[in-house]
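Here is the structure we will look at.
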Amino acid sequence: MTMPLRCLARTVGAGLVAVAALTTAGHTAEAEAADTLGSAAAGQGRYFGAAVAANHLGEADYAATLDREFTSATPENEMKWDATEPSRGTFTFAAADRVVAHARSRGMDVRGHTLVWHSQLPSWVGTLGAADLRTAMNGHINGLMGHYKGEIHSWDVVNEAFQDGGSGARRSSPFQDRLGDGFIEEAFRTARAADPAAKLCYNDYNTDGVNAKSNAVYAMVKDFRSRGVPIDCVGFQSHFNSASPVPADYRQNLQRFADLGVDVQITELDIEGSGSAQAASYTKVVDACLAVDRCTGITVWGVTDKYSWRSGGTPLLFDGDYRKKPAYDAVLTALGGSGDPGGPGDPGDPAASCTAAYTRTADWSSGYNGQVTITAGDAPISSWTATVTLPSPQSVSSLWNGTPTWTGTVMTVRPSWNGTLAAGASTSFGFTVAKNGSGAAPTVGGCTAS
Ligand code: 9MR
């Protein structure tokens, strides 16, 4: 069967990373039975997302796994108040912009996280009196939502405003303590005006089952709905471990919120553990979401165990080497997708594919060194080809760990000794460029593999 080729090619500024991928035969997400989390979830009318850290996007395996598997991205820390408005009125968007640009250029949706939260709050906010704090809160919402207007699918407008424990009370914070209960409503009204197209969510943890805390959030959402306060969705963080397992009434809890007329989203899923026990817990979560019509998507709180905020608990779907865990297979299966349980070498294996990621490794006035890391996809490969287009009038003065041929300014590089790669394994070639007056970045085109 002939499949369309799919090619992503980007050039980013020097020092950043360009990733190019070309699938040579079959196995595009669009063309086959769902074999990625994102395509399987799409088949169920849902998104499947991950929390993304800007500072890992330059790691080829991280970016390749993110790009292959996920259809939504949540900046893990980059949109928080301390990252975006460290001093009053001075907005810093560079790190969040990197996540948004990466995600959007690859067709992913973005969840905005988070506008009003007691944590990761710069100290200046806590010094303000009530009137000033109200102005600052609304200014922050307008600053963030204005900058990303039209680019964010759902915003966590207010995060974690309720206390743990049995009281169902609001959590102490500068917002709660100075502005009272009404700060949440005000934040949502400001948010609706700032970007009317974005879904506005309340997000919290330990609200996954029916308990005093989720009852308090439920009462608030019900009140908002009855009074026309703009709220579209409730986020259930879903950080689980043995002390806080997936609740037996998870689906029931999601459903009662959905019945209030809001969407529900699983926003920060991770489950500590390993093997079949972890896999079974993930299955419960996916099954619960699929059983609730208004559960519109699932986000896991990271791509790989090694960068998880709970890395010791190995709570995610890919291990530290980006290998799929049993939990991955369980999620894919629960989403109705079909994995590759037989492993490499079995009939039906993925086609040979590779990605090429470029970095500038050294830079001086008259030249620079570039490096392209070739990473095999889901199948082992015996050869690869990558193209590098140099901006005129640059010229390559030497190249190592690869064999170049030239057509005009396009350099096609094939392996020297390093053609054979295991699935997911990487090799690199490097080259020295004479700038001849131009320091612009080269374009790394498609990587093809056989
Ligand atoms: O994963 C985030 C971690 O990198 C930060 O150090 C931490 C700081 O507060 O926040 C983590 O993300 C939290 C999220 O923003 C809100 N819900 C709980 C998440 C895990 O702590």
Side-chain angles (χ1 to χ4, degrees), residues 49-57 59 62 66 70 72-86 92 95-96 98-100 103 110-123 125-126 140-141 144 148 152-165 170-176 184 187 200-209 211 213-214 217 233-246 264-273 285 297-318 320:
V52 176
N55 62 336
H56 299 316
L57 287 172
E59 187 182 323
Y62 182 95
L66 171 68
F70 297 97
S72 171
T74 305
E76 185 171 358
N77 289 296
E78 293 77 356
M79 285 186 176
K80 292 171 181 176
W81 199 315
D82 61 352
T84 52
E85 197 184 0
T92 50
R98 286 177 60 196
V99 178
V100 173
V110 180
R111 290 195 84 260
H113 177 79
T114 176
L115 296 167
V116 183
W117 187 29
H118 67 277
S119 184
Q120 290 177 272
L121 195 59
S123 55
V125 180
H140 186 72
I141 294 169
L144 267 281
Y148 293 110
I152 306 293
H153 172 267
S154 302
W155 270 106
D156 289 333
V157 178
V158 175
N159 193 41
E160 302 176 5
F162 287 81
Q163 272 179 26
D164 279 333
R170 298 292 177 91
R171 177 197 297 275
S172 171
S173 71
F175 310 106
Q176 181 67 35
I184 301 184
L200 306 181
C201 305
Y202 175 79
N203 190 52
D204 215 328
Y205 67 93
N206 286 352
T207 51
D208 312 298
N211 57 37
K213 189 172 177 180
S214 66
V217 175
C233 38
V234 176
F236 298 83
Q237 293 185 11
S238 306
H239 295 292
F240 297 125
N241 56 25
S242 56
S244 176
V246 181
V264 295
Q265 301 176 356
I266 294 167
T267 50
E268 303 182 16
L269 177 62
D270 52 16
I271 307 176
E272 292 187 87
V285 172
I298 298 174
T299 297
V300 288
W301 204 239
V303 175
T304 161
D305 280 342
K306 69 177 169 178
Y307 298 139
S308 163
W309 72 296
R310 283 177 164 172
S311 57
T314 61
L316 295 171
L317 302 178
F318 294 90

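When a ligand or atom number is given, it counts from 1 through the structure's own listing order. From a predicted model like this one, the values you see are computed outputs, not experimental measurements.
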### Message
For His56 together with Tyr62, are the ring centres under 6.0 Å from each other?
### Response
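For Tyr62 and His56, the ring centres are under 6.0 Å apart.
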### Query
Going by heavy atoms, is Asn159 under 4.0 Å from ligand 1?
yes
### Message
Any heavy atom of His113 closer to ligand 1 than 4.0 angstrom?
### Response
yes
Within a distance under 4.0 Å of any heavy atom of [X], pick out the atoms of ligand 1 and give their elements.
| X | value |
| --- | --- |
| Glu160 | 16 (C), 17 (N), 18 (C) |
| His239 | 18 (C), 19 (C) |
| Glu76 | 1 (O), 2 (C), 3 (C), 4 (O) |
| Gln237 | 17 (N), 18 (C) |

Determine yes or no for a side-chain-to-main-chain donor-acceptor pair under 3.5 angstrom, with [X] supplying the side chain and [Y] the backbone.
| X | Y | value |
| --- | --- | --- |
| Glu78 | Glu76 | yes |
| Gln163 | Arg171 | no |
| Asp208 | Ser238 | yes |

### Message
Does any N or O of ligand 1 fall below 3.5 Å from an N or O anywhere on Trp117, backbone included?
### Response
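No, Trp117 has no N/O under 3.5 Å of an N/O on ligand 1.
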### Query
Given Asp164, which of Asp204, Asn211, Asn206 fulfils the side-chain contact (heavy atoms from CB on, under 4.5 Å) condition?
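Going through Asp204, Asn211, Asn206 one by one, the side-chain contact (heavy atoms from CB on, under 4.5 Å) with Asp164 is satisfied by Asn206 alone.
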### Task
Using the side chain to side chain contact (heavy atoms under 4.5 Å, CB included) rule, take Trp309 and Glu268 through it: C-alpha gap first, then chi angles, then the decisive distance, then the call.
CA-CA 11 Å; Trp309 72 296; Glu268 303 182 16; over 6 Å; no
### Task
Would you check if there is a donor-acceptor pair between the side chains of Ser154 and Gln265 at a distance under 3.5 Å?
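Yes, Ser154 and Gln265 have a side-chain donor paired with an acceptor closer than 3.5 Å.
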What's the shortest distance from [atom] to any protein heavy atom, and which residue and atom give it?
| atom | result |
| --- | --- |
| atom 19 (C) of ligand 1 | Glu268 OE1, 3.3 Å |
| atom 4 (O) of ligand 1 | Asn77 ND2, 2.9 Å |
| atom 7 (C) of ligand 1 | Gln120 OE1, 3.8 Å |
| atom 11 (C) of ligand 1 | Lys80 NZ, 3.7 Å |

### Task
Fit a plane to each ring of His140 and Trp81, take the angle between them on a 0 to 90° scale, and name the class: parallel (under 30°), tilted (30 to 60°) or perpendicular (over 60°).
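Because their plane-to-plane angle is under 30°, the rings of His140 and Trp81 count as parallel.
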